[in-house]
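So you know, we letter chains A, B, ... as the sequences are listed, proteins then strands, and number each from 1. Hydrogens, waters and symmetry mates are skipped; everything else that's a heavy atom, side chains included, is used.
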Amino acid sequence: LNRKEKTVLIVDDEASVGQSFFDYFEDRLWRPLQAESGEQALEILNKESPHGVIVDIRMGGMDGNTFIREAVLKKPKTAFVICTGSPEYDIPADLLKLPGVSKHIFKKPVTHMARLEESLLRLITDLEVEEI
Amino acid sequence: MTIKTKILLMGAAAFALFAVLALMSVRTHRQILSNLEVRDEVNSKLAAIEEFAKWKNELIRLIADIAASGHVPAFAKEQFNPPFESPTGESDRLVTSGKRLVDLIEEKERASVEVEKAFDGFRMRVNGLYFRLDEKISTVLATAQMDQVQGRDASEKSALAPYVLKSLNQLTLVAMNSLISRDFTKAGKGVVEKNERFLRSQLHMIDEDGVIAALFNELFGLINVIDKSIIKARQKFSGFEGKIAVAKNDFEKAVALNEIDAIVADAKSELDRANETLEKSSHHTMIIVVILLFIVPVVGIAVGILGLNSIIVAPIRHLVDAMQNVEAGSFDVEAPVKSNDEIGKLARAFNAMASEIKAKVMELSRINRTLKESEFKYRTLVDNLPQRIFLKDRDFKYVSCNRNFAEDLGIREAEIVGKTDFDFFSEALAEKYRNDDARILRATASEEIEESFIKEGIEIVVQTVKTPVRDEVGEVAGVLGIFWDITDRKRAEEDLRKAQNYISNIFDSMPSILIGVDLNGTITQWNSKAEDMTGVSAEDAIGQLLKKAFPEMSSELKRVSEAIQTREVKFDPKKPRRAKGQILYEDVTIYPLIANGVEGAVIRIDDVTEKVRMEEMMVQSEKMLSVGGLAAGMAHEINNPLAGMVQTAEVMANRLSGNLQIPANRSAAEAAGISLAAIEHFMEARGIPRMIDTIKTSGKRVGAIVDNMLSFARKSEATVSSHTLDELLDKTLELAATDYDLKKQYDFKRIEIHRDYGDDLPAVPCEGTKIQQVLLNILSNGAQAMQAAGTKNPRFMVRTRFEKGRQMALMEIEDNGPGMDGTTRKRVFEPFFTTKPVGVGTGLGLSVSYFIITEQHDGEMAVDSRPGAGAKFIIRLPLKGASA
């Protein structure tokens, strides 16, 4: 699996967090894209078709759930991994049904980013296998 | 006068009365008879008179007929003789005068016949003359008429002839009328004279030969004779008329003399008188009979009754009344003595007797009254006693009893005489009473017996005192019994005993030490808990002073007397006491006893050591709850910057100390003119990786603390669902084996796992992740402890059970590690209590676990451990789930 071929979109309004993901994925030879709001992320999706998206939930403006709902309409074959600082967050039922949404929520701070990367990769692979 | 004489006199009076009555009847009878004779006489007279009247009336009618008709029929005179003697005595005169009248009428009749004959002759002659003259005159008239026809002067003759003829007619008519009416009227005479003058002057003119004049002369002569005859006949008849009138008068006088009405009236009046007499007599008789036959007997009977009443009945009644009074018990009577007869004597004798009796009775009643008063006093006494009293004779037969006893038996007092116990009670009971009585009669001594008695069908307990009774000569004559109901008392005694038992049981079953003391501090109660705790038995303790038996409590004596004085409950909570090398906390409560004048107090001592510990822990828990609340609000705010920090440190570690051979590193090093090896060397030399690692570890710890603090938030949005504890345990064990952290510090796979799952364990409603968190916490603690202690064959024993009675699911996790000492055990759930080195644990793990189980699931969590004997965590979850 050639990681260089994979694009990941990082959606987080906390710049330092977003940046840390960006840096990590860059180091791991992904093509990272960054958006500081759901709206901005949707803009990007008009031009780009990332393999995976790392989504923060509590954001100013559009929240993460809404973003996923709209993003799925645009790019149904995209993998979404949720990463939130809200301890009481649960994935809404409608999102859980979507095959592209990871069932596992990553809580901030993500102390093992390798696990997150692993999860995202697995999800992307699953989606590709399903497609074939 | 005796009664006999009185009755004889009354009888005589009645006889006289009836004799008068008989005489009156005889007299009336006679009067009726004489009256009948008078009536017969009058009747025969009346018959004769009636006969005579009949004859007389016929005679009178006959004569009246004769007088009226003026004709005497043949044999008329024969009827003139009366058929019998005239009652008037004047019948001869009647006959004589009647005969003469009839004779005269007969004579007048004969004369009348002669006159009639003569008059008929005159009529014949008038008629003859008329026809002859009429013929002559008619001839004259006819001749005159002839002359005239022949033209001869005959006017004088023809004119005069009708006038002559008219005179002739007039004269004839007067003559005929006179003959018929037998009266020659002046008018008639005037007609005759006028016509005579006419004819004498004129006739000659037609009468050539004088024949007509001669005829008229003859007629005038006849008319003269007729006139004279009428006068003569009238004279003759008027003579007769006078004589007849005299005779008729005589006859009428005779008739008057023979008037019989007076006679009849006499006879009738005689009869009327007789009838009147008879009527009067009858009336008198009737009045007398009515008086005598009706009024007199009535009066007689009334008088007789009155007499009888006043003579016999009334005195006897008075006497009877008096006797009845005596019979009724009233001796204050006196029969009236109104006569000197037999009854009078009887009354007098009776009065004497009555006064004698009265004196005796008064004497008796005085004695009786005294007796009654005495009886009454005794009865009042006996009947009003609430006790039942009876007396039996030697043969066990009842002699008497009081009212209460009789009422119990359902009879009247008097009915008991002669009865025995077998008449009222069951065989067994009566037999028992009989034996008691016999024993008392034999021993001649009183006894008090507690026995049963049947009252209104209900068995009650009575206290009986039976005493032998002696007669006048000192012989035992019977048994006197007195008994009373002691059922209530017995029941009360029983109740009291039960109550005491009950109270004592309650006292002993109390988990508290309960000690009763009096005002002096002497122990009055000592329950089994007190025995256990002090090792002093109740026997030894009761009666001792509190300070001797329980010296630790002597300090409370002051408070005891205070409590009694103020009558207030004194409460001394959580009082520490050292016992068996430990500090115990005890609540000491002093309850003053103030009821019923029993002064004293109860000291209650409760061991609240556990409770105090728990309370302390709960206080901590409460604190953590508020921390949890705060954490929930802050977590996001902390987590984001923390993420920035920790994740950046991760990237930094990756770039600087991990795999330097990433393309960006390489290009950046090239651009800087430094080799990657040099950078790596520099980093190592300056300890940069260690520093980054410190940032990472510290950040992780902050994250863990925030996470754990969040667990204290009561509210959880996670849904509760049914989980099988076996599965939860298996999953957690698996997770533990793969856990990154666990693996890092020890090899979980080396630990032996024994599973002992109950068969019947039902699913439990709970939050699976939370329970897993708890289990994982216990397992990791256990694993760490075993690792640290170097346990040779580390082993986990996991058990599940279903506690049906409490409806709880039980989980046990037991290790064979080092165990804990008491202090650790007691504080193991306290937050921030940890035995691990600083920096290794947060000190919140078990505290959070305890919170999850007890607060969030309404369950129980406990630990059982001794040093060297491993630790066993026990978790119980309710099957009905958390109530909140």
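By the 4.5 Å heavy-atom criterion applied to side chains, B/Asn640 and A/Val17 are counted as neighbours.
Environment of NZ in A/Lys47: sparse, with no more than 12 heavy atoms of neighbouring residues, nucleotides or ligands closer than 6.0 Å. Sparse packing is recorded around CZ of B/Arg750, with 12 or fewer heavy atoms of other residues, nucleotides or ligands lying under 6.0 Å away. Around atom NZ of A/Lys75, more than 12 heavy atoms belonging to other residues, nucleotides or ligands sit under 6.0 Å away.
When all heavy atoms of B/Ala643 and A/Lys108 are compared, the closest pair comes out as CB-CB, 3.7 Å. Among all heavy-atom pairs drawn from A/Asp23 and B/Val651, the shortest one is CB-CG1, 3.4 Å. Nearest heavy atoms, A/Ser16 versus B/Gly644: OG-CA, 3.6 Å. In terms of heavy atoms, A/Pro109 sits closest to B/Asn639 at CD-OD1, 3.9 Å.
In this structure, CZ in A/Arg28 is found 7.0 Å from CG in B/Asn654, a value given to the nearest 0.5 Å. A distance of 10.0 Å separates CD in B/Glu650 from CZ in A/Phe21, rounded to the nearest 0.5 Å.
The backbone N or O of A/Val110 sits less than 3.5 Å from a side-chain atom of B/Gln647, completing a donor-acceptor pair.
Most heavy-atom pairs under 4.5 Å with chain B, from the set A/Gln19, A/Arg58, A/Glu14: that is A/Arg58.
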